[in-house]
> 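Below are the structure tokens for one structure; questions will follow.
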Protein chains: 2
Amino acid sequence: MSLSQTEENYLKAIYSLAYANSNKVSTTLISAELNTKASSVTDMIQKLADKDLVHYKKYQGVSLTEIGRKIAVEIVRKHRLWEVFLVNKLNYNWDEVHELAEQLEHIKSETLIDKLEAFLEFPTHDPHGDQIPDKNGNIEHHKNMMLSTLEIGESCVVIGIKDSSDPFLKFLDKLQIQLGSIIKVVSKEPFDNSMLVETATGSISISHQISKNLFVKKL
Amino acid sequence: MSLSQTEENYLKAIYSLAYANSNKVSTTLISAELNTKASSVTDMIQKLADKDLVHYKKYQGVSLTEIGRKIAVEIVRKHRLWEVFLVNKLNYNWDEVHELAEQLEHIKSETLIDKLEAFLEFPTHDPHGDQIPDKNGNIEHHKNMMLSTLEIGESCVVIGIKDSSDPFLKFLDKLQIQLGSIIKVVSKEPFDNSMLVETATGSISISHQISKNLFVKKL
DNA sequence: TTTTATTTTTAGACAAGTCTAAAAATTTTA
DNA sequence: TAAAATTTTTAGACTTGTCTAAAAATAAAA
Ligand SMILES: [Mn+2]
Ligand SMILES: [Mn+2]
Ligand SMILES: [Mn+2]
Ligand SMILES: [Mn+2]
């Protein structure tokens, strides 16, 4: 049973939405994620339900079946490994690789992705700090601490980003913040929740919008 | 104007058929190449003619326009560069890469293929000895000498293969003949056009079917 | 607890790419 | 050069994925 690119994109969208929200995903959420209309989503949902890739009861939202989840994680794995290839081997910047990986993740092969993984020397995280699932579909996500939750005086290292959209990545580049950057909280402004932080390149002010999208590990 | 994978495959098919035959390509030839029906080909031909990618007069066969040819060569370039990547970097065998390259050649990006080319250190030929077009679409094909045309006593080096189908590649592997192999013609059998040749690994008999599919350069 | 607003599903349509069956044109053969 | 065979094109239909407009169900407000 080979899936179309479109079907794979739906599964992936449901997977990431279910993770961000809480398991049951609504028609409108999916349509927003995939830039389609709700009616198109309903059509596809029914097709995926027929193939036992999602659990679906009319008007009740949708969730992935075990096999549906497995396929979704496989696509995430492919996406992230291709991103590593593009950044580490082809010298792309981390803000340039997403659209390309969107295409490459759909290449069909039994062997390709494992060979690619070996060639990349078994990376554990993609260029945005997201964990790469192993070939059995296992993945633990435990990047739960945000920079915004740190107290004054605490230091941390940046280990991931929540919003990996282009503009955000470009902005981080401008601030010279990358994965591995060390940040110390100097002060916090209760009014707008911004914070003054100390980085390797100096002292900068960071808005709440930024600090709540940076995963960090306390030092 | 972005083309679908299907449209790209038609252009590529017309390109290689026009080269093998003589410019004007028939509906049935294309349908055989792409495993479709002649009626489907006619439909697509008309679409491509509307887009000025092919010259087409009803019942008169089809040929590529300048822009159509340029696109076809670009796809050939991508196909061959991806094949080099798969063989040189991911350790695939030369008989395993064609289907994968059929998919990868359709990845859309302004920059990807040039970066890939640089990463591969600007290879000039793919794993089957076929020349890789440059980024301006230039390609000279001058691999016109077949092993079958050599005289007794002459030596040559294998520089390409005409039929790069799986079975043929596997058979060459078994004979331990690769690109770069040196072959000396010991005798020729007029009855079936087979020849006895001397290779690095010994003396073997080669059928006409084989010798007329091996491009060689005389030593 | 009704009424109203919002979300979700259905109905019907369209574009892309394919197919089969039949008609039209071309090529081959006699 | 006329008849037969082959190739090519058209006509009509089907699938996938999408859309708009309208109906049905659910959620929110009064
Ligand atoms: Mn995708
Ligand atoms: Mn990523
Ligand atoms: Mn292809
Ligand atoms: Mn090749």
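Here is how names work: the chains are called A, B, and so on, in the same order as the sequence lines, proteins then strands, and each is numbered from 1.
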> Take the protein atom CD1 of I30(B) and the nucleotide atom P of dT8(D), then report the distance between them rounded to whole Å.
9 Å
> Per the side chain to side chain donor-acceptor pair (under 3.5 Å) rule, what does the pair list look like for residues 55-65 of chain B, sequence neighbours excluded?
none
> Consider the side chain of M44(B), meaning its heavy atoms from C-beta on, and name the nucleotide among dT9(D), dT10(C), dT18(C) that approaches it most closely.
dT18(C)
> Which whole-number value in Å describes the distance from L34(A) CG to dT18(D) C1'?
13 Å
> Using a cut-off of less than 4.0 Å, is there contact between a side-chain N or O of Y10(A) and OP1 or OP2 of dT16(D)?
no
> Nearest of dT10(D), dT9(C), dT7(D) to any side-chain atom of T28(B)?
dT7(D)
> Which part of the nucleic acid does T42(A) contact within heavy-atom distance under 4.0 Å: base, sugar-phosphate only, or nothing?
base
> Could you check whether K89(B) makes a cation-pi contact with F85(A), meaning its NZ or CZ is under 6.0 Å from the centre of the six-membered ring and within 45° of the ring axis?
no
> Less than 3.5 Å apart, which donor and acceptor atoms pair up between the side chains of residues 33-45 of chain B and the rest of the protein, not counting sequence neighbours?
| unit_1 | atom_1 | unit_2 | atom_2 | d |
| --- | --- | --- | --- | --- |
| T42(B) | OG1 | A38(B) | O | 3.2 |

> Taking only the side-chain nitrogens and oxygens of S40(A), find out if one of them lies under 4.0 Å from OP1 or OP2 of dT18(D).
no
> Hey, does the side chain of T6(B) come within less than 4.0 Å of dA16(C)'s phosphate (OP1/OP2), counting only N and O?
no
> If only side-chain N and O atoms of S39(A) are considered, is one of them under 4.0 Å from the OP1 or OP2 phosphate oxygen of dT9(C)?
no
> Under the ring-ring contact (aromatic ring centres under 6.0 Å, His included) rule, collect the residues that match up with H98(A), sequence neighbours excluded.
H79(A)
> Grab the N/O contacts between the protein and nucleotides 22-29 of chain D below 3.5 Å, and write none if there aren't any.
| unit_1 | atom_1 | unit_2 | atom_2 | d |
| --- | --- | --- | --- | --- |
| dA25(D) | O4' | Y59(A) | OH | 3.3 |

> Measure from CG on L3(A) to C1' on dT16(D) and round the result to the nearest Å.
14 Å
> Is any NZ, NE, NH1 or NH2 atom of the basic residue among E102(A) and K12(A) found under 4.0 Å from an Asp or Glu carboxylate oxygen of the other?
yes
> For E117(A), what residues pass the salt bridge (Lys or Arg N to Asp or Glu O under 4.0 Å) criterion, not counting sequence neighbours?
R77(A)
> For K51(A) and dT15(D), give me the distance from atom NZ to atom C1', rounded to whole Å.
12 Å
> I need the CG-P distance between L29(A) and dT6(C), as an integer number of Å.
17 Å
> Nearest to the side chain of S26(B) - dT20(C), dT9(C), dT8(D)?
dT8(D)
> With respect to the side chain of A38(A), which nucleotide from dT10(D), dT9(C), dT10(C) is positioned closest?
dT9(C)
> Restricting to ring-ring contact (aromatic ring centres under 6.0 Å, His included), what partner residues turn up for Y10(A), sequence neighbours left out?
none
> If I take atom NZ in residue K37(B) and atom C1' in nucleotide dA13(D), what distance separates them, rounded to the nearest angstrom?
16 Å
> From CG of D43(B) over to P of dT20(C), roughly how many Å is that when rounded to an integer?
13 Å
> In whole angstrom, give the distance that lies between atom CD1 of I45(B) and atom P of dT18(C).
12 Å
